[in-house]
Trainee: 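Structure incoming, see below.
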Amino acid sequence: MTALLPSRTGARVERLPLARFTTLGVGGEAEVWFVETHAQLAEAMEVPYRILGGGSNLVVADEGVPERVVRLSGPFAERDLSPDPLLSTPEQLVTGWVGGGVPLPGLIRTLQKLGLSNLEGTVGIPAQVGGAVWMNAGTRYGEMFDGLHTLEIVTPQGARQVTPDDLGWGYRQSGIPRGHIVTRVRLKLRPSTPEAVLEKMSAADQARKGQPKMKTPGCAFKNPGGVSAGRLIDEAGLKGTRIGQAMIAPEHANFIVNLGGASAADVHGLLALIRERVGVPLELEYELWPGEAEGHGA
Ligand code: FAD
Ligand code: EPU
């Protein structure tokens with residue numbers, strides 16, 4: 001039974017198991033705020049909160065988290081891809097606002113059909129736009145910041161608009177502090193053809209063929225100095241290693257998969273084991289909620 005909790009701005013608030021919102025399928029309960037307006041978002045941010053995107057990079061504790069969990073909904077999950085007449089040129093189309101809660105895979109497929117290029121390298125990333133921007137998710141074929149024109153960021157102090165030049169972004173980082181919410185963005189895209197975009201997309205799609213199909217939050221560690229962390233973990237002989245119901249994927253050693261009923265503790269155990277066995281310091285890519293367990297420091 002989930003109980004509806006009160007909000008004075010009319011946000012839908014429910015205690016829900018976060019396992020339902022994560023691609024790993026792990027995580028206990030929290031108070032989830034489904035916000036559709038800036039007023040609802042401001043209310044949600046009055047006390048400690050976290051922002052949940054597509055849950056595709058999260059390992060949430062079995063106990064859940066004590067903070068409010070904000071989920072962008074309604075207009076924050078809608079997109080306006082029509083060209084902004086004031087900002088667009090024949091060489092560069094700048095869209096209307098695309099909500100942070102918009103699922104990235106559907107957006108990328110639509111842009112391909114429209115023959116709009118710049119973001120096709122992110123095909124196959126099961127994120128929401130806001131989460132993908134916050135991480136600057138990508139592949140060697142391209143990343144989110146290739147296609148960003150303007151970002152709206154909301155903090156408890158209010159909303160502001162920034163451009164990529166205002167941020168210190170790079171490989172798997174946007175420079176946006178944790179907890180600053182990317183509510184919507186304008187995309188900058190290069191007019192091309194559906195066929196040409198599809199061709200570029202196929203290369204990125206192809207690189208994914210060797211990735212596991214099970215429940216997972218994707219790659220556990222960032223690639224140190226451009227070397228594949230997966231290769232390093234593989235060379236340490238760890239593919240297929242299990243703790244409880246979590247396993248280092250036999251297909252790609254940087255993925256941890258849930259065999260069914262895994263706990264967050266199982267995943268933490270594998271992360272610690274990898275760090276112990278791989279001779280190179282590895283920076284975590286997964287976000288651990290509420291934080292890393294003692295003894296598993298980054
Ligand atoms: P979540 O997992 O929900 O959250 C991750 C972090 O982003 C949290 O700190 C959260 O608070 C923050 N966040 C979420 N939404 C917002 C917002 N609106 N504003 C501010 N902060 C926010 N990643 C890659 O980079 N490249 C890949 O090729 C790739 N492949 C993947 C394949 C699979 C099968 C899976 C499961 C994952 C893969 N990932 C990949 C990892 C993941 O998709 C990315 O890290 C993505 O950016 C996470 O976005 P999300 O919306 O799911 O965020
Ligand atoms: N390799 C191994 N063993 C493994 C895994 C990889 O030997 O277990 C080797 C491969 O054979 C290849 C090289 O390492 O020669 C690179 O592998 P891959 O092409 O899979 O790329 P990656 O660097 O391991 C990165 C991203 C992925 C992204 C792919 C495809 C990171 C941490 N990972 O993986 O992103 O999908 O490229 O572009 O940057 C993610 O971030 O969550 C993620 C899945």
Side-chain angles (χ1 to χ4, degrees), residues 18 21-25 27 35 41 49-60 65 67 69-73 76-77 98-105 121-145 151-155 171-174 176-185 203-224 226-240 248-258 282-291:
L18 295 181
F21 297 93
T22 63
T23 55
L24 179 64
V35 300
L41 183 54
Y49 64 90
R50 292 167 184 272
I51 168 77
L52 170 71
S56 64
N57 200 38
L58 291 182
V59 181
V60 180
V65 292
E67 299 86 5
V69 170
V70 175
R71 178 92 164 166
L72 296 174
S73 309
F76 289 128
V98 175
V102 167
L104 185 64
T122 66
V123 66
I125 299 179
Q128 288 186 353
V129 166
V133 168
W134 186 76
M135 286 285 298
N136 189 17
T139 65
R140 76 180 71 92
Y141 303 94
E143 55 193 359
M144 287 307 290
F145 272 70
L151 301 83
E152 182 185 78
I153 297 176
V154 173
T155 69
Y171 165 67
R172 297 290 193 278
Q173 59 180 30
S174 61
I176 302 167
R178 186 174 272 105
H180 289 205
I181 300 184
V182 180
T183 38
R184 45 187 197 161
V185 296
D205 248 343
Q206 197 57 34
R208 241 169 237 295
K209 290 279 184 286
Q211 297 182 357
K213 305 286 175 275
M214 301 182 75
K215 288 182 173 179
T216 174
C219 282
F221 296 99
K222 297 184 183 182
N223 285 343
V227 182
S228 165
R231 178 187 294 237
L232 297 174
I233 301 165
D234 189 0
E235 285 169 359
L238 290 171
K239 267 185 176 171
I248 298 174
E251 298 92 338
H252 191 300
N254 201 12
F255 282 70
I256 292 179
V257 295
N258 180 358
L282 291 175
E283 188 188 342
L284 202 61
E285 182 170 312
Y286 291 168
E287 290 281 310
L288 307 182
W289 282 12

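These values consider heavy atoms only, across backbone and side chains, with no hydrogens, waters or symmetry-generated copies. Numbering of ligands and ligand atoms starts at 1, following listing order. Numbers here simply count residues along the sequence, with the first being 1.
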Trainee: Numbering the atoms of ligand 1 from 1, which are under 4.0 Å from a heavy atom of M135?
Mentor: 45 (O), 47 (O)

Trainee: If the threshold is 4.0 Å, N to carboxylate O, is there a salt bridge linking E287 and R178?
Mentor: yes

Trainee: Counting heavy atoms only, which part of I51 comes closer than 4.0 Å to ligand 1: side chain, backbone, both or neither?
Mentor: both

Trainee: Which bit of R50 is near ligand 1, meaning a heavy atom under 4.0 Å away: side chain, backbone, both or neither?
Mentor: neither

Trainee: Please say whether R140 places an N or O atom under 3.5 Å from an N or O atom belonging to ligand 2.
Mentor: yes

Trainee: Please list, in number order, the atoms of ligand 2 under 4.0 Å from a heavy atom of A253.
Mentor: 4 (C), 8 (O)

Trainee: Does A207 reach ligand 2 with a nitrogen or oxygen that is under 3.5 Å from one of the ligand's nitrogen or oxygen atoms?
Mentor: no

Trainee: Counting only nitrogen or oxygen atoms and a 3.5 angstrom limit, does P217 reach ligand 2?
Mentor: no

Trainee: Tell me the protein heavy atom at minimum distance from atom 50 (P) of ligand 1, and give that distance in Å.
Mentor: G54 N, 3.3 Å

Trainee: Judged on heavy-atom distance to atom 4 (O) of ligand 1, which of L58, V133, I153 sits nearest?
Mentor: L58

Trainee: Taking 4.0 angstrom as the limit and counting only heavy atoms of T139, give me the atoms of ligand 2 inside it, by number and element.
Mentor: 38 (O)

Trainee: Return the residue, atom name and 0.1 Å-rounded distance of the protein heavy atom closest to atom 8 (C) of ligand 1.
Mentor: E287 CG, 3.9 Å

Trainee: Of all the atoms in ligand 1, which lie at a distance below 4.0 Å from a heavy atom belonging to A137?
Mentor: 24 (C), 25 (O), 47 (O)

Trainee: Would you say G130 contacts ligand 1, with heavy atoms under 4.0 Å as the rule?
Mentor: yes

Trainee: Considering only heavy atoms of Y171, which atoms of ligand 2 have at least one such atom less than 4.0 Å away?
Mentor: 31 (C), 32 (C), 39 (O)

Trainee: Give the numbers and elements of all ligand 1 atoms closer than 4.0 Å to a heavy atom of R172.
Mentor: 24 (C), 25 (O), 26 (N)

Trainee: Hey, is V182 touching ligand 1 through its side chain, its backbone, both or neither, going by heavy atoms under 4.0 Å?
Mentor: both

Trainee: As an exercise, identify every atom of ligand 2 less than 4.0 angstrom from a heavy atom of F221.
Mentor: 32 (C)

Trainee: Within a distance under 4.0 Å of any heavy atom of G218, pick out the atoms of ligand 1 and give their elements.
Mentor: 35 (C), 36 (C), 37 (C), 38 (C)

Trainee: Taking distance alone, with no angle check, do R231 and ligand 2 share an N/O pair under 3.5 Å?
Mentor: yes

Trainee: State the atoms of ligand 1, each with its element, that fall below the 4.0 Å cut-off from a heavy-atom position in L72.
Mentor: 18 (N)

Trainee: Does ligand 2 have an atom under 4.0 Å from some heavy atom of E235?
Mentor: no

Trainee: How far is atom 49 (O) of ligand 1 from its nearest protein heavy atom, and which residue and atom is that?
Mentor: A127 CB, 3.2 Å

Trainee: May I ask you to identify, for N57, whether its side chain, its backbone, both or neither come under 4.0 Å of ligand 2 on a heavy-atom basis?
Mentor: neither

Trainee: With a 4.0 Å cut-off on heavy atoms, is R208 touching ligand 1?
Mentor: yes

Trainee: If you measure every N or O of D234 against every N or O of ligand 2, does any of those distances drop under 3.5 Å?
Mentor: yes

Trainee: Considering heavy atoms of the protein only, find what lies nearest to atom 2 (O) of ligand 1 and give residue, atom and distance to 0.1 Å.
Mentor: N57 N, 2.8 Å

Trainee: Would you mind listing which atoms of ligand 2 come within a distance below 4.0 Å of any non-hydrogen atom of K239?
Mentor: 8 (O)

Trainee: Give the atoms of ligand 1, by number and element, whose distance to some non-hydrogen atom of A132 is under 4.0 Å.
Mentor: 47 (O), 49 (O)

Trainee: Relative to the heavy atoms of H180, which atoms of ligand 1 are at a distance of less than 4.0 Å?
Mentor: 19 (N), 20 (C)

Trainee: Which residue owns the protein heavy atom closest to atom 26 (N) of ligand 1, what's the atom, and how far is it?
Mentor: G138 O, 2.7 Å

Trainee: Out of K209, H252, M135, Q206, who gets a non-hydrogen atom closest to atom 20 (O) of ligand 2?
Mentor: H252

Trainee: For ligand 1, indicate whether the residue I125 contacts it via side chain, backbone, both or neither (heavy-atom separation under 4.0 Å).
Mentor: side chain

Trainee: Looking at I181, which atoms of ligand 1 are within less than 4.0 Å of one of its heavy atoms?
Mentor: 19 (N), 20 (C)

Trainee: Please check atom 18 (P) of ligand 2 for a protein heavy-atom neighbour under 4.0 Å.
Mentor: yes

Trainee: From atom 43 (O) of ligand 1, work out which of G100, S56, G121 has a heavy atom at the shortest distance.
Mentor: S56

Trainee: Is C219 touching ligand 1 with its side chain, its backbone, both, or neither, if touching means heavy atoms under 4.0 Å apart?
Mentor: neither

